[in-house]
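Contents: one structure, followed by commentary.
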There are 2 protein chains.
Amino acid sequence: MSAPDRTVRAKGSTRHDHIVEDIRSLIVDGCWPPGSQIPVETELAERYGVSRMTMNKALGQLAREGFLVRRKKSGTQVAQPRAESAVVAIADIRDEVRNSGRAYRFHLLARRVRAAREEDALLLGSPPGRAEVLWLQGLHLADDHPFCLETRLINPEAAEGATGQDFGDLAPGAWLLEAVPWSVASHRVRAVNATAAEARLLALPVGEACLEIVRRTQAAGAWVTGVRLLYPGSEHQLVANFGPEAGDGPVRS
Amino acid sequence: MSAPDRTVRAKGSTRHDHIVEDIRSLIVDGCWPPGSQIPVETELAERYGVSRMTMNKALGQLAREGFLVRRKKSGTQVAQPRAESAVVAIADIRDEVRNSGRAYRFHLLARRVRAAREEDALLLGSPPGRAEVLWLQGLHLADDHPFCLETRLINPEAAEGATGQDFGDLAPGAWLLEAVPWSVASHRVRAVNATAAEARLLALPVGEACLEIVRRTQAAGAWVTGVRLLYPGSEHQLVANFGPEAGDGPVRS
DNA sequence: TAGTGGTCTAGACCACTCC
DNA sequence: GAGTGGTCTAGACCACTAG
């Protein structure tokens, strides 16, 4: 038979997706306990009535998800539970606010074009050169209540037109997405105590624990922007649901 | 030609991996700007000297990573930059300490078998039943210095043998990995101020900002364990490096 | 050395979508 | 309707590794 077998299948799912789900449930339900040997590709392919390559695709995906361990010659085993690691997703602020059913607004607090300083290294990731930077501070508001304090540096050379933008109520992050062709970034998440100035802006008691997210973005080798986001600890949390290895796709908070 | 072309290739990489890297760099370097149309599969396959399926695999991976957007009939385009979301990895505590070059040790502070209480709902994720729970508190130490305070509840019915374990210097998490066949978990990360008791145990000033990670683990429908990990904010951070969509694989802190 | 997974090919059919 | 991506197949070769 050359043509694929078009028998009824779970709606909207491909052959290998169906197989993946089937085998995953065998593992999760305990029918295939950890460490047990499972049949070789060729036998499973025959059993499911698919070609070996389709079965390989399914088993490969399960291995990437951490449910299976595959080794040549010794075959495929059900994986042992992994270390208790996980993956947490950081959502976009605007989406985050809107998903919680509140109205989103950005309010610019300050805007300056100035020479780079020593203290900027936190957001730049490298010792500051002699270049000029665009420095911004603003509040993300949820129902007009402080949700997140943003402090940002922008490299005017990499982000063309940035100095011409006033960012009055357009969040710099949103503008940059349009203006800069691509980005690779690094994140860092910490807990910090709010300083007096930060507490005032976020309407918090001084010293309140806050979640600090520092993100540095690059494009074509040059740094484009660095941002520090400060969330009140009580209002914000990162959430993830996951399977064994970190596979199943993190759920955004 | 039926056999694959075994000409020289970048060491340790497959054909489609090589193509993925090549096209990704074309995009990141700006040769293929966002929104631009790229050649159809068949032409790219010919250009790279591979079969259409191999090219499909490469383009599919780039699409999963968020670099490309593929639509039938209209073809494949370079993706526009996404929202500034990201994915952060939570590492296993022991690995985390060891990776920082310090000696790891677990020290049990308290251990109790008692009835479930209202306050346990945080770690159980559901209102407590009338069942008994195993309650533990211990410190993870890095070079004998407090690194993380762990508070844990274990369901003795789901984790057989738990009540017989004393956990004197074996972290409950490590033991559970061996004892319970599988787990699905949810995570929550917040910033909190250390209470007086927590501050004392972690050798911190009262009110110091801490990173709180709450993890609930289930197996076969029943809750197995819930744990609250408290890290001094100054000592701990979550780190991720990523491409556009959240693809490139988060790096553990 | 034999068995297993990893990868690749050429060809095919289908579903979707834009024209 | 025609072009594109999505998927599948049968067969093949290779690399690795356990016995």
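A note on names: the letters A, B, ... follow the listed sequences, proteins ahead of strands, and every chain is numbered from 1.
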Contacts of type ring-ring contact (aromatic ring centres under 6.0 Å, His included), residue Y104(A), not counting sequence neighbours
H140(A)
Strictly below 4.0 Å, N to O, side chains only: are E41(B) and R70(B) in salt-bridge contact?
yes
Ion pair D169(A)/R105(A), N-O distance below 4.0 Å
no
OP1 or OP2 of [N] under 4.0 Å from side-chain N/O of [X]:
X      : N       : value
H16(A) : dT7(D)  : no
T76(A) : dG5(C)  : yes
R71(B) : dC16(C) : no
R15(A) : dG6(D)  : no
T54(A) : dT9(D)  : yes
N56(B) : dG6(D)  : yes

Just checking R52(A): base, sugar-phosphate only, or nothing, at a heavy-atom cut-off of under 4.0 Å?
base
Taking Watson-Crick and G-U wobble contacts under 3.5 angstrom, with | marking pairs to another strand and [ ] crossing pairs, the secondary structure of DNA chain D is written ||||||||||||||||||.
Want to settle it: does K57(A) or S74(B) sit nearer the 5' end of DNA chain D, counting the closest nucleotide to each?
S74(B)
Taking for each residue the nucleotide of DNA chain D bearing the nearest heavy atom, is the 5' side occupied by K73(B) or by V50(A)?
K73(B)
Reported OG1-to-CG distance for the pair T225(A) and N155(A), which is rounded to 0.5 angstrom:
9.0 Å
In chain order, what residues pass the salt bridge (Lys or Arg N to Asp or Glu O under 4.0 Å) check against R228(A), with sequence neighbours excluded?
E198(A), E212(A)
In whole angstrom, what separates I38(B)'s CD1 from dG3(D)'s P?
19 Å
Selection from dC8(D), dC16(C), dG6(C) that lies nearest to any side-chain heavy atom of T14(A):
dC8(D)
Does any N or O in the side chain of N56(B) come within less than 3.5 Å of the main-chain N or O of R52(B), such that one atom is a donor and the other an acceptor?
no
In terms of the nearest nucleotide of DNA chain C, which residue is placed more toward the 5' end: M53(A) or L59(A)?
L59(A)
